Structure formats: C-alpha cells, structure tokens
Amino acid sequence: MAKAAEQPIGSRTGINLNAEGNAQFTSISGAPVERLYTEADLPHEWQPPDPGEPPYTRGIHATGYGGRLWTMRQFSGFASPEETNLRYKYLLANGGNGLSVAFDLPTLMGRDSDDPLSEGEVGKCGVAIDSLEDMETLFDGINLETTSVSMTINSPACVLWAMYLAVAERQGADLAKLSGTLQNDILKEYIAQKEYLYPPAPSMRLVVDTLEYGAVITPRYNPISISGYHIREAGSTALQELAFTLYDGIEYVEWALRRGMKIDDFAPRLSFFFNSHNDFFEEIAKFRAARKLWHSVMTERFGAKNIRSHWMRFHTQTAGVSLTAQQPKNNIARVALQALAAVLGGTQSLHTDAFDEALALPTEDAARIALRTQQILAYESGVANVGDPLGGSYFVEKLTSNMEEGARSYFKKLDEIGGMVRAIEQGYPQREIAEASYRYQRAVEAGEKTIVGVNSFTVEEPPPETLYIGESVREAQTAKLRSLRSRRSNQAVDRALSALCRAAEREPAASHTGISSANTMPALLDCVRALATVGEICTALERVFGEYQEAAFA
C-alpha cells in the first residue's frame, strides 16, 4: 500500500475517498466494498447449504441447470398484432423457448388505440391490443397449450389475461395445461412505474381475483410476477429492489389470506421478476439472498407446508436503464455480463436486452444478437454445468448476508408503517428510491462512477439503423375498431359490461368452490367473448372503482 497507493475507479472525489483521503470502493448501489474477504468475514463454523436444500440460497434445484436450462424468454412486441406475431415465430424458430409480450402504452393504460389520449403512442413501445380479435391474431399459429407465454401488463392485467384465456379456449387448449406468467403487479406501479388506473384497494382486489381464479382454473400458470425490475429501473439500489419486491410479495399474500385463500393453494404459483445490473457480484448476492429470505417468509411468517411454496422462482431481465445511446454496441458487452450474473444467481428464465434499445425498439438483427448471447452462455461457457459455482466464495457469501440483513431492516420499517399499501400512501418507498437515484446521478456527473462511452472513453460515432414505428399502426387499429363495433352485438357488450360492474361492486368472500361469487374473472371473460374492447372494460371498472391520483410527497 505504501509503495503503490490504491487508485479509485473514477475521479478522486466524493464517494471514492474515505475520511483520510485514501481510495475507497463501493458497489454500483453505493454499498462499501472491502479490499479482501476471508473466512473471518463469515460466522464461525459457517457452511453453505447444498443446492436444492433449504433455505435455497444456492438454488431451488439440486442439479442447478443440469436437469433443465433456464427459459430463454425474449420480451417482444411492437406495432400491430400481425407484425408481432411474425416476430414471435422468428424468435421461436431461432431457439427461443418462451414468449414474453410487450404491450404498447395505450394498452398498458387501459385505453383503445382510437382514444384521443393514445395519439402518438400506438404500437410504439409494444404491441397494440384492443380486442379479443387482436389477441387471436397475436397468437395465430402458436399453440398456447404447449408454448409458455408471459405478459407484461399490470393495471389492466385481468382484462388482457381474460383475452389470452379466451384465445386458448378457442384453440381448444386445456386451460389446466397453460403455462407462463402474468405480471399483474400493481404495487410496483404505485412505487415506480406509475402505470396505474384505480386506487390501491380495488386494484389489489383485482389481483386477488386473478390469484383465486388461477389457483382453480390454470394451476400451472403464474397469475402474478412480483416485480423488482421497474423499481430498479426507477433508480433504486440493489438492496431496495430486493426489499421492496419481497415486501410487495408479503402484501399480496396478506390480501389473499384475508380473502380466505389457503397459503399452499396459491403460493407455489407466485413468481418474481428481477433486474440484473452491471455490478456483477452485487447482483448475484441479491438473487441468492432473495431465495433465502423468501424461504424464511413462507415458513416462519406464513407457515406454508408445501415445499414448492418455499421456493422463490424468478425471471430476470438485463438492465435497460444501463443501456447507453452513446456507443450503443458497448451494450452487447454490458448485457452479456448482466446475463452471466443472472445465470450464476440461479434465474429460472431470462430476457437479454438488445443493444439498440436505448434508441428504439430492437431491430430483428439486434433481437437475434440478444438471443444468441443467452445461447452462448448456455452452450459454450460451461456456467450451466455446476450448481451455484460461486457458493463458498467469502466475498459472495458476505455480500449475500449483507443483502439479507439490509432487507430485514426494511421489512421491519414497512411492518411498523402498516404494510406496503400504507407505505405507498405515505410515499415511503418512492422517497427512498428517489434519494438513491439522486445520489447515483450525482456520482456519475462527478465522474465518481464511470460509464464507458458516456463520461469516459468517449468518441463520436454514427447511430445504428433503428426500427421506426409510424402512425400507420394507429390508423389500422382504428379501422379495425370501427369494423368491430359495427359487426358485434353492442347490446351483448352492454349486458356483459353491466354484469362486470355488478360483480365489481360486490364484496368478494371465500367460497368452498375456491372462486368467490363476486370474482370478476368470469364476468371479464364474458366481456371479452362479447368483443368488448380493453378501453370499454377499463372505463366500466373505473365507474365502480374511481381513478387514482397520486399525492405529492415532500
């Protein structure tokens, strides 16, 4: 140290220097990182459990990926249902083994393509879906009974799920064999992404309706994906992503139990969704701590008996927020690093971002490179041969322990507030994330955190060719809607929407059949079968539940 003083990574200011003016190191989240980790950093006589053994820190399967690789589930959707259907067939033909639907902003906000507020957004950040006919087109030629399908949709999740189920029915599929995941995580919308429609309580009621319906009708389908991804994209630390995501899971379980559901009837189908960012070891530790914590939550807090209830199963997506518009091909290396962390962390499925996504939706070429990144990891790198190869590393185990301790501190605070819904109403998680995001941005602008090609190693280069979505998509969707409303029975639509409102007005209660008589899913299915549109259904529910307006938090 005396001969060659340590040099910080980044400028010699702020977080990169300690009180004595010497170099110090932190993770991307700002957590301190020591120079060396040894056995002394771990509890006395500490031994890591084997993979597949409780508390599942090292993975939920004893053989790791030896029995089955992770699902390569590429998030995709753009423009019209016809164009996205072709992209899905392309991905499946090139080795993808699951679909993940990206919807456009109007669909995410429960609005039809011809709504005045949809102008300029139709098909731009995902596929436009207005009716059951659009959903049929989206999955034309794709066997839903044998193809795992995830859908990233939240506030109107129950509506789009009803359309998916209705398409499966029309295909003649056995609904009990359907597999995939509905994101359906409204809490993180209030916390981070802000794509909400109704106030928290009625929104939570709709989520529990899907949990209840799915437990009986679609036992292999995950009716919720509790998502930390968007929390991280909003600027949280890795620890905040971990803690708030798992506590959102606790909140959903509490609401389902108050409905009268039994923990082991629905907990095995709870799934999670995490971000994989640039700090390689911090991300791996986050994934390992998540499994350990969820095992504790299920066994100690909720008394679940089914082993599958104890497992945390999660999907991972590489960090969109880390992608740079400057020197975008650098993103290929970032994505590969992030994907490797997800795999070494034990993810069950993975999406790898395309290098051009900071500029536009991915081109076909960029989407193929993203998929090939996963395939190179799976078939060439050797990382899938051993379960949790980093288990036992002093550094990784200490980081995992730190993550667990930090998350438990957040749990205690949230318990004291009275749960996540109360915390959201008070703005607690929103403030925590905003402060973390501000600290990181200041460090980047001061050069204390290095972003290659942005605040260091910069060059000018021409932008790559990008995918352009024009207004022709809105025009085509508007014409389809006009035709649909002239062909369907509008009286049948009105009857179905009125029945949905009556169901929504009633207080759901536990049922011996497993589905409450006030569960909205049967009424929603009747609405979509009658060809009611997404906007019409969401507007009907808004008349019952009201519209949510977020308060300002100091």
Side-chain angles (χ1 to χ4, degrees), residues 27-31 105 108-110 125 152-157 183-207 224-255 272-275 277 282 286 290 293 297 317 319-322 403 406-445 449 545-554:
S27 71
I28 198 169
S29 297
L105 186 59
L108 294 171
M109 297 301 296
C125 71
T152 299
I153 190 81
N154 293 286
S155 210
Q183 190 162 103
N184 199 21
D185 177 5
I186 196 60
L187 290 176
K188 62 94 172 130
E189 294 297 331
Y190 300 116
I191 293 170
Q193 190 160 251
K194 312 302 182 183
E195 289 169 354
Y196 41 66
L197 297 176
Y198 319 117
S203 294
M204 290 293 284
R205 178 259 174 92
L206 292 175
V207 172
I224 190 169
S225 176
I226 304 154
S227 176
Y229 185 85
H230 308 87
I231 291 172
R232 192 66 178 281
E233 294 285 288
S236 81
T237 65
L239 173 58
Q240 289 169 344
E241 178 194 358
L242 171 66
F244 294 154
T245 304
L246 267 64
Y247 203 90
D248 282 351
I250 290 170
E251 189 84 354
Y252 290 121
V253 172
E254 296 278 12
W255 281 67
F272 291 81
F273 174 25
F274 288 111
N275 195 298
H277 214 297
E282 184 174 59
K286 178 186 72 182
L293 284 161
V297 166
Q317 180 173 335
V321 74
S322 74
M403 281 282 181
R408 289 188 185 277
S409 295
Y410 268 119
F411 289 178
K412 182 180 179 183
K413 174 68 174 177
L414 290 161
D415 280 340
E416 291 169 353
I417 292 172
M420 186 55 89
V421 170
R422 291 288 299 277
I424 288 168
E425 291 169 347
Q426 295 177 22
Y428 172 68
Q430 298 96 308
R431 283 194 300 271
E432 288 286 294
I433 294 167
E435 289 169 6
S437 179
Y438 177 66
R439 287 193 299 271
Y440 177 72
Q441 186 61 30
R442 286 195 64 181
V444 169
E445 291 177 3
K449 291 293 182 186
F545 295 146
E547 182 182 3
Y548 181 66
Q549 297 289 336
E550 185 175 39
F553 301 108

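All residue numbers in this chain count up from 1 along the given sequence. Being a predicted model, the structure only gives us computed values, none of them experimental.
Listed for the Lys449 side chain is no donor-acceptor partner under 3.5 Å among the backbone atoms of Arg442. When atom types are taken as modelled, the side chain of Ser155 and the backbone of Leu197 share a donor-acceptor pair closer than 3.5 angstrom. With Ser29 contributing its side chain and Ala31 its backbone, the two residues share no donor-acceptor pair below 3.5 Å. The main-chain N or O of Tyr198 is found under 3.5 Å from a side-chain atom of Ser203 such that the two form a donor-acceptor pair. Arg431 places a side-chain N or O within donor-acceptor distance of the main-chain N or O of Gln426, the cut-off being under 3.5 Å. Of the possible donor and acceptor atoms, one in the side chain of Gln430 sits under 3.5 Å from a partner among the backbone N and O of Ile424. With hydrogens and angles ignored, the 3.5 Å screen pairs a side-chain donor or acceptor of Tyr190 with a backbone N or O of Pro199. Proximity of a side-chain donor or acceptor of Gln240 to a complementary backbone N or O of Glu432 within less than 3.5 Å is detected.
With values rounded to the nearest 0.5 angstrom, Leu246 atom CG is found 5.0 Å from Phe272 atom CZ. Note that the CD atom of Glu282 and the CD1 atom of Ile28 stand 7.5 Å from one another [nearest 0.5 Å]. The line from OG of Ser322 to CG of Asn275 is 7.5 Å long, rounded to the nearest 0.5 Å.
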Worked check of side-chain contact (heavy atoms from CB on, under 4.5 Å) between Tyr229 and Thr245: CA-CA 9 Å; Tyr229 185 85; Thr245 304; over 6 Å; no

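Taking each heavy atom of Tyr252 and Ile226 in turn, the nearest pair found is CD1-CG1, 4.0 Å. Annotation for Cys125 and Leu105: closest pair SG-N, 3.4 Å, computed over non-hydrogen atoms. Across Glu233 and Val321, no two heavy atoms sit closer than the pair OE1-N, 2.9 Å. Taking each heavy atom of Phe411 and Leu293 in turn, the nearest pair found is CE1-CD2, 4.3 Å. Nearest heavy atoms, Ser236 versus Ile433: N-CG2, 3.7 Å. In plain terms, the two heavy atoms of Phe273 and Ser225 that are nearest each other are CB-OG, 3.2 Å.
Under the 4.5 Å side-chain criterion, counting only non-hydrogen atoms from C-beta, Leu239 is in contact with Tyr410. Put simply, the side chain of Val253 does not reach to within 4.5 Å of the side chain of Val297, judged on heavy atoms.
Defined by atom type and a distance below 3.5 Å, a donor-acceptor pair is missing between the side-chain atoms of Tyr196 and Asn154.
Checking Leu108, Asn184, Asp185 one by one against Ile153, the side-chain contact (heavy atoms from CB on, under 4.5 Å) holds for a single residue, Leu108. Under the side-chain contact (heavy atoms from CB on, under 4.5 Å) rule, His230 has a single partner from Glu189, Gln193, Lys194, which is Gln193.
Sorted by first and then second residue, the salt bridge (charged side-chain N to carboxylate O under 4.0 Å, His left out) pairs involving residues 240-254 (not counting sequence neighbours) are Arg232-Glu241, Glu241-Lys286, Glu254-Arg301.
Ala423 meets the side chain to side chain contact (heavy atoms under 4.5 Å, CB included) test with Leu414, Ile417, Met420, Tyr428, Pro429; sequence neighbours excluded.
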